[in-house]
Amino acid sequence: MSSLKEKLFEKIKEHRPRTLKLMQEHGDVIVDEVTIAKLIGGMRGLKSLVTDISYLDPQEGIRYRGYTLPEIFERLPKPAGAESPYVEGLFYLLLTGDMPTDAEISDVIDEFRTRSELPDYVYKVIDAFPSSSPPMAIFSAAILALSKESLFNEQYLAGISKQDYWDPTYEDALNLVSKLPEMGAYIYAKLYKDGKHIQQDPDLDMGGNFAHMMGQKPPYDDVSRMYFILHADHESGNVSAHTGHLVASALSDIYLSISAMINGLAGPLHGLANQEVLRWLQDLRNKMDGKVPSEEEMKQFVWDTLNAGQVIPGFGHAVLRKTDPRYTVQREFALKHLKEDELFQYVDMLYKVVPPILQEHGHAKNPWPNVDAHSGMIQWHYGITEYDFYTVLFGIGRALGITANIIWDRALLYPLERPKSLTTQMLEDLVKKAVKGA
Ligand code: CMX
C-alpha cells in the first residue's frame with residue numbers, strides 16, 4: 001500500500017465513528033430552515049451538504065483543510081527554485097488533512113507517474129471530435145471513455161463490502177487525476193497546434209510536466225501549479241462539486257462522476273466565466289483599436305454591458321462577499337511577473353471601476369472580482385491565447401478536490417442523494433395555511 005493510501009485509511013478509521021455518532025445520536029438536530037425563497041432560488045445558502053475538505057467563508061474565502069490560500073502557498077513544499085507548491089502535495093493534504101513531508105510528496109509524484117499513460121482508445125476518442133468542438137465537450141468525453149477501466153465497477157460486481165468501497169474508488173481517482181494533464185495537453189495540441197503533441201516528461205512533477213507539454217518555459221510551470229491549486233476545491237455546493245458528488249452518490253464510477261462534473265463546470269455562470277472575461281476584454285480591445293481605454297471609457301463599456309442585460313464576467317459570487325482570495329493570489333503573481341502587460345492594465349482597471357458600478361447598479365450581492373476575473377489574462381500573457389481552452393485548466397484542478405470528496409463520500413458511507421420536490425400548488429397551499437395561521 002502506498003504511504004498516501006495507508007495514511008488515508010488511518011484517517012478514515014478515525015473519522016467513521018464521528019459521522020456514525022452524529023447520524024445515530026444527533027440525527028434530529030436542526031441545521032437550517034428551508035424557505036420558499038431557498039426552494040425557488042436555487043437552494044442558495046441552504047446548509048445541506050457535508051465536506052471536511054474545504055470550507056468557503058463569505059468574508060475570508062476558501063480554506064483547504066483549515067488552511068487559507070496564503071497559508072497553503074506558504075506551507076506546502078515546493079520544487080527547488082519554484083514559487084508555487086507541488087500540486088501533488090495539495091492532493092495529499094486534501095485527502096488526508098495533513099501537510100505532507102517532501103518524502104510523502106515524492107511518493108505521490110511516483111504514484112501519478114506510474115499511472116499517467118493514456119490508453120490508445122482515449123486518443124482515438126479525442127481525435128474523432130471535429131476540430132470545431134468545444135474543448136470541454138472533448139475533455140468530458142475523454143474522461144467518460146475511461147469508465148471501462150474502473151476498478152470500482154469490477155469490484156462492485158464481484159460483491160465488495162460497502163466498508164471497502166473507498167479503496168477501488170481511491171485507485172480509480174488516482175488513475176484518473178494522473179492522466180488529466182496528458183488529456184488536456186493532447187486536446188490543446190489537437191485543437192490549436194495541428195496535432196503536434198509534446199510527449200510527457202516523466203522526470204517532472206504534475207505542474208512542470210503540464211507546462212512542458214504545453215510547450216512553455218518557466219515560470220509557466222509555476223502558473224500551472226498555481227492554477228491547479230487555486231481551482232482544486234470550493235466546498236460542496238458549487239455546480240461542479242455538487243454534480244460530482246450527486247452522480248457519485250448513485251455509485252457511478254469516478255469517470256462518470258468527473259465527466260459530469262466537467263459538464264457543470266462548462267457553464268458560463270460557473271467555470272466558463274474565465275474565457276468569457278477574455279472574450280469580453282477582446283471585444284473592448286477591438287473597439288479601442290488596441291489602445292488602453294481611459295477609466296471613463298472602461299466605465300462606459302461596463303455600463304453598456306449591464307444595460308444590454310448581460311452580467312460582468314468574473315465579478316460576483318453566490319457565497320463570497322469580498323474579493324476572492326484566488327483572485328488576490330493571481331494578482332500578486334501578475335504584479336510580480338507581468339505588471340507591464342497591456343491586458344493586466346485592463347484587469348487592474350476593472351478591479352477599480354467594476355465594484356462601484358455594480359454597487360450603483362444594485363443587483364449583484366457581491367460586487368467584487370472572483371477567480372475568473374484574473375485567470376485568463378495570465379494564460380494570455382504566456383501565449384495561451386485560445387481562451388476556449390481555459391476551462392479545461394480549471395477542470396484539471398477541480399478534479400483534485402472532487403475526487404478527494406468522492407473517496408471520502410464512499411469512506412463515510414454517504415447514501416444516495418435524493419431530496420424531495422413539491423409542486424407550485426403545494427407551495428401556494430403552504431402559503432395559504434401560513435397566512436391563516438398568522
Ligand atoms: N454582473 C451583473 N449582474 C450580476 C453579476 C455580475 N457580475 N453578478 C450578479 N448579478 C446579478 C444577477 O444576475 C442577479 O440578477 P437578477 O436579480 O436580475 O436575476 C442579481 O445580481 C443577484 O445575483 P446574486 O445573488 O448576487 O448572484 P448569484 O448567486 O445569483 O450568482 C454568479 C452568482 C457568480 C452566477 C453571478 O455573480 C454572475 O453571474 N457572475 C458573472 C459570471 C461569473 O463570473 N461566474 C464565475 C463564478 C465563479 C465560480 O465559478 O466559482
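For clarity, every value in this text was computed on a predicted model and none was experimentally measured. Every heavy atom of this structure was used, including side-chain atoms; hydrogens, water molecules and symmetry mates were not. Both counts, for ligands and for their atoms, begin at 1 and track the order of listing.
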Engineer: Measuring to protein heavy atoms, does anything land under 4.0 Å from atom 19 (O) of ligand 1?
Structural biologist: no
Engineer: Of all the heavy atoms in Asn370, does at least one lie under 4.0 Å from an atom in ligand 1?
Structural biologist: yes
Engineer: Determine whether Trp408 and Thr51 satisfy the following criterion, side-chain hydrogen bond (donor to acceptor under 3.5 Å, both in side chains), listing intermediate values before the conclusion.
Structural biologist: CA-CA 8 Å; Trp408 272 97; Thr51 178; over 6 Å; no
Engineer: Please report whether atom 9 (C) of ligand 1 has a protein non-hydrogen atom at a separation of less than 4.0 Å.
Structural biologist: yes
Engineer: Would you say Ala273 has any N or O atom under 3.5 Å from an N or O of ligand 1, going by distance alone?
Structural biologist: no
Engineer: Using a strict 4.0 Å threshold on nitrogen-to-oxygen distance, state whether Glu171 and Arg115 make a salt bridge.
Structural biologist: yes
Engineer: Please determine whether any non-hydrogen atom of Arg326 lies less than 4.0 Å from an atom of ligand 1.
Structural biologist: yes
Engineer: Could you check Phe210 against Phe228 for ring-ring contact (aromatic ring centres under 6.0 Å, His included), going step by step and ending with a plain yes or no?
Structural biologist: CA-CA 10 Å; Phe210 184 72; Phe228 298 152; 5.4 Å; yes
Engineer: Does any N or O atom in His234 lie less than 3.5 angstrom from one in ligand 1, N or O only?
Structural biologist: no
Engineer: Can you tell me if Gln59 has over 12 outside heavy atoms packed within less than 6.0 Å of its CD?
Structural biologist: yes
Engineer: Salt bridge or not for Asp348 and Lys339, using N-O below 4.0 Å?
Structural biologist: no
Engineer: Does the distance from a Lys or Arg side-chain N to an Asp or Glu carboxylate O, for Lys7 and Asp98, drop under 4.0 Å?
Structural biologist: yes
Engineer: In terms of atom number and element, which parts of ligand 1 are under 4.0 angstrom from non-hydrogen atoms of Leu306?
Structural biologist: 2 (C)
Engineer: Testing Arg225, Arg113, Lys78 for salt bridge (charged side-chain N to carboxylate O under 4.0 Å, His left out) with Asp205, which one passes?
Structural biologist: Arg225
Engineer: So, regarding Pro313 and ligand 1 (criterion: nitrogen or oxygen to nitrogen or oxygen, under 3.5 Å), is there a contact or not?
Structural biologist: no
Engineer: Check Glu182 with Lys179, please: is the shortest side-chain N to carboxylate O separation under 4.0 Å?
Structural biologist: no
Engineer: So which protein heavy atom does atom 39 (O) of ligand 1 come closest to, and at what separation?
Structural biologist: Leu269 CD2, 3.5 Å
Engineer: Pick whichever of His231, Lys365, His361, Gln310 has a heavy atom sitting closest to atom 24 (P) of ligand 1.
Structural biologist: Lys365
Engineer: Any heavy atom of Asp372 closer to ligand 1 than 4.0 angstrom?
Structural biologist: yes
Engineer: Parallel, tilted or perpendicular for Tyr186 and Tyr123, by the 30°/60° rule?
Structural biologist: perpendicular
Engineer: Hey, is atom 32 (C) of ligand 1 touched by any protein heavy atom at less than 4.0 Å?
Structural biologist: no
Engineer: Could you identify the single nearest non-hydrogen protein atom to atom 38 (C) of ligand 1 and state the distance to 0.1 Å?
Structural biologist: Phe315 O, 4.0 Å
Engineer: Say whether Leu265 and ligand 1 are in contact under the criterion: heavy-atom distance to a ligand atom below 4.0 Å.
Structural biologist: no
Engineer: Atom 3 (N) of ligand 1: which of Leu56, Val311, Val277 has the nearest heavy atom?
Structural biologist: Val311
Engineer: Is there a nitrogen or oxygen of Ala364 sitting under 3.5 Å from a nitrogen or oxygen of ligand 1?
Structural biologist: yes
Engineer: Would a search of protein heavy atoms around atom 43 (C) of ligand 1 find one under 4.0 Å away?
Structural biologist: yes
Engineer: Assign the ring pair Tyr192 / Phe389 to parallel, tilted or perpendicular, where the plane angle (0 to 90°) is split at 30° and 60°.
Structural biologist: perpendicular
Engineer: Could you say whether the N/O atoms of Leu358 and ligand 1 ever approach to under 3.5 Å?
Structural biologist: no
Engineer: Give a yes or no on whether a salt bridge exists between Lys287 and Glu297, defined as a side-chain N under 4.0 angstrom from a carboxylate O.
Structural biologist: no
Engineer: Below 4.0 Å, non-hydrogen atoms only: which portion of His317 touches ligand 1? Side chain, backbone, both or neither.
Structural biologist: both
Engineer: Identify whether the distance between the nearest side-chain nitrogen and carboxylate oxygen of Lys291 and Asp289 falls below 4.0 Å.
Structural biologist: no
